[in-house]
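Contents: one structure, followed by commentary.
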Number of protein chains: 2
Amino acid sequence: MSERPLPRAERRRRTEGKILDAARVLFAEMGFERTTIRAVARAAEVDPALVMQYFGNKEELFRKAVRVTPVPDAGLDADQLVDHLLGTLTVKMGELPQGSLAMMRSMLTHPEAAASAREVLGRQIDRLAESIPGDDARLRAALMTTIMLGLTVGHHLLELDELRDAPQEEIARVLRPSLRALTGPEVS
Amino acid sequence: MSERPLPRAERRRRTEGKILDAARVLFAEMGFERTTIRAVARAAEVDPALVMQYFGNKEELFRKAVRVTPVPDAGLDADQLVDHLLGTLTVKMGELPQGSLAMMRSMLTHPEAAASAREVLGRQIDRLAESIPGDDARLRAALMTTIMLGLTVGHHLLELDELRDAPQEEIARVLRPSLRALTGPEVS
DNA sequence: TCGTTGAGTCAACGCCTGTTGAGCGAATGG
DNA sequence: CCATTCGCTCAACAGGCGTTGACTCAACGA
């Protein structure tokens, strides 16, 4: 029962964190529209008005809550970027960051989330295209990206049984040839 | 200017059609939450109350409007189902039925649309799995399905530049090896 | 010690939503 | 021809939403 007064700055930091955590969870579960400021406040054990005071409006709260982790490293050569994609897959399966989930959950119905998704995916396409030879490098990169997109949507957002039941290593193993087939123009 | 009185049954049929068409377009564009009954009524040039009178409530309007085209034929053998998938792709690119688009637009944020999507995808997985040999047939079928899902999401819902600019035949050509790689256990 | 700051609460506002019930007027059918 | 059906409109309701401003009270700093 140590009721130390707790300095103001620290208190503010913690409250903001609680609100952001609650918002992330709810946005990831319900999407932007179905998530109410009141529900976020309730989950964070805080008054709804305080959420406004901290973030101004719902859009801004969403923006701050879903800050997606930037696309990491670049400049991989040839086919090992398949391993890289499948690597992020392994990471994703375990604990796809809640913020990214929240963003993806709303990307089809919230304009700003859609723009954010396009930007993130576009960056990944750019990065992949650099490592792929041929005229249609961008198309191949885009298809690799949409494959991973579909996998993430099916797995984490729609929670299809077949994907939920399969261990991530097996998914990676079975999917690898499909990605490898896109790393370069094999025939033509 | 033939102002024929127009029989009641016919009149009813047309009005219902106008409302459903408007609803499909708006649901497909904005998703369930952002589409208001009032907006549907305005687009259909009708009173909002009439929409209620015809469909009871918004959920029911959505249900009737997005009636997804049932998964067609079955029992394809071996690898020509890839061609079938890529064939539906060709169809989809041209004029993916507005109802399916509406359903997919809301599948991440509307519970019933999510259930509907799971059902449709599940049926496709079942159907594909029948034509694939091996223990992991279901996983392979699921991955083929998510690949097409990701493509549709990226192309029609997020409208990624790389996919919008590419002619459908080229997408099919480049993607075919990735799907073929999933039609059977080649190595192990 | 005491005025000031600022975190947090409370009650309310205005708006928009889905939804309803009363009513109008034209097509219907006996 | 007339009573009835029924497609359709109008005005309004209740409820939930994001958002606001006044207020409380404990931490702060001089």
Side-chain angles (χ1 to χ4, degrees), chain A residues 1-23 26-27 29-66 102 106 109-113, chain B residues 1-23 26-27 29-66 102 106 109-113:
Chain A
M1 308 297 181
S2 69
E3 290 299 341
R4 280 281 259 38
L6 212 50
R8 279 227 266 251
E10 177 66 9
R11 199 163 170 74
R12 179 174 187 91
R13 229 183 43 79
R14 290 198 194 179
T15 305
E16 182 173 319
K18 272 204 309 182
I19 296 175
L20 280 177
D21 286 346
L26 288 177
F27 280 137
E29 271 178 8
M30 330 265 308
F32 181 84
E33 319 286 349
R34 290 182 117 87
T35 298
T36 67
I37 296 265
R38 285 168 159 87
V40 171
R42 207 175 313 126
E45 296 173 307
V46 147
D47 192 276
L50 192 64
V51 177
M52 302 303 298
Q53 199 170 124
Y54 269 72
F55 299 96
N57 57 37
K58 190 181 173 184
E59 291 281 352
E60 197 60 37
L61 171 64
F62 182 73
R63 229 168 276 141
K64 293 278 189 2
V66 306
S106 296
T109 44
H110 189 280
E112 190 165 326
Chain B
M1 307 298 180
S2 69
E3 289 299 341
R4 281 280 261 39
L6 212 49
R8 279 227 264 251
E10 177 65 10
R11 198 162 172 72
R12 180 174 187 88
R13 229 183 44 79
R14 289 198 195 180
T15 305
E16 183 172 317
K18 271 205 309 180
I19 296 174
L20 281 177
D21 286 346
L26 288 176
F27 281 138
E29 270 177 8
M30 330 265 308
F32 180 85
E33 319 287 349
R34 293 181 115 88
T35 298
T36 67
I37 296 266
R38 284 167 161 86
V40 170
R42 207 175 312 125
E45 295 173 308
V46 146
D47 191 276
L50 192 64
V51 178
M52 303 302 299
Q53 199 170 122
Y54 269 72
F55 299 96
N57 56 37
K58 190 182 174 184
E59 291 281 351
E60 197 61 35
L61 170 64
F62 182 73
R63 228 168 277 143
K64 294 277 189 3
V66 307
S106 295
T109 43
H110 189 280
E112 191 165 325

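Throughout, a chain's letter reflects where its sequence line sits, starting with A, and its residues are numbered from 1. Heavy atoms only: backbone and side chains are in, while hydrogens, waters and symmetry mates are out.
Annotation for B/V66 and B/A102: closest pair CG1-CB, 3.6 Å, computed over non-hydrogen atoms. The two residues A/G31 and B/T109 make their nearest non-hydrogen contact at CA-CG2, 4.1 Å.
Annotation: salt bridge (Lys or Arg N to Asp or Glu O under 4.0 Å) contacts of A/R13 (sequence neighbours excluded): A/E10. Under the side-chain contact (heavy atoms from CB on, under 4.5 Å) criterion, A/A65 pairs with A/L20, A/A23, A/R24, A/F27, sequence neighbours left out.
Listed in residue order, the members of residues 49-62 of chain A having a heavy atom less than 4.0 Å from DNA chain D are A/A49, A/M52, A/N57, A/K58.
Regarding A/I37, its CD1 atom lies at a distance of 16 Å from the P atom of C/dG8, rounded to whole Å. Rounded to whole Å, the distance from CZ on B/R8 to P on D/dT5 is 10 Å. What separates CD1 of B/I19 from C1' of D/dG7 is a distance of 11 Å, to the nearest Å.
Distances shorter than 4.0 Å separate none of the side-chain N or O atoms of B/R12 from OP1 or OP2 on D/dC8. At the phosphate of D/dC8, OP1 or OP2 sits under 4.0 Å from a side-chain N or O atom of B/T15. Within the 4.0 Å cut-off from OP1 or OP2 of C/dG8, at least one side-chain nitrogen or oxygen of A/R11 is found.
Checking B/D47 against A/E45, the closest nucleotide of DNA chain C that is more toward the 5' end is the one next to A/E45.
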Between protein and nucleic acid, restricted to nucleotides 14-16 of chain C and to nitrogen or oxygen atoms under 3.5 Å apart, what atom pairs and distances do you find?
none

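In this structure, the side chains of B/L61 and B/I19 come closer than 4.5 Å at one or more pairs of heavy atoms.
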In residues 49-58 of chain A, what donor-acceptor pairs under 3.5 Å come from side-chain atoms, sequence neighbours left out?
{"from": "A/N57", "atom 1": "OD1", "to": "A/E59", "atom 2": "N", "distance (Å)": "3.4"}
{"from": "A/N57", "atom 1": "OD1", "to": "A/E60", "atom 2": "N", "distance (Å)": "2.8"}
{"from": "A/K58", "atom 1": "NZ", "to": "A/F32", "atom 2": "O", "distance (Å)": "2.9"}
{"from": "A/K58", "atom 1": "NZ", "to": "A/T35", "atom 2": "O", "distance (Å)": "2.8"}

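Under the salt bridge (Lys or Arg N to Asp or Glu O under 4.0 Å) criterion, no residue pair touches residues 37-49 of chain A, with sequence neighbours excluded.
In the helix from C/dT1-D/dA30 to C/dG30-D/dC1, the terminal helix axes, each the rotation mapping four pairs' C1' atoms onto the next four within five end pairs, subtend 0°, rounded to 10°.
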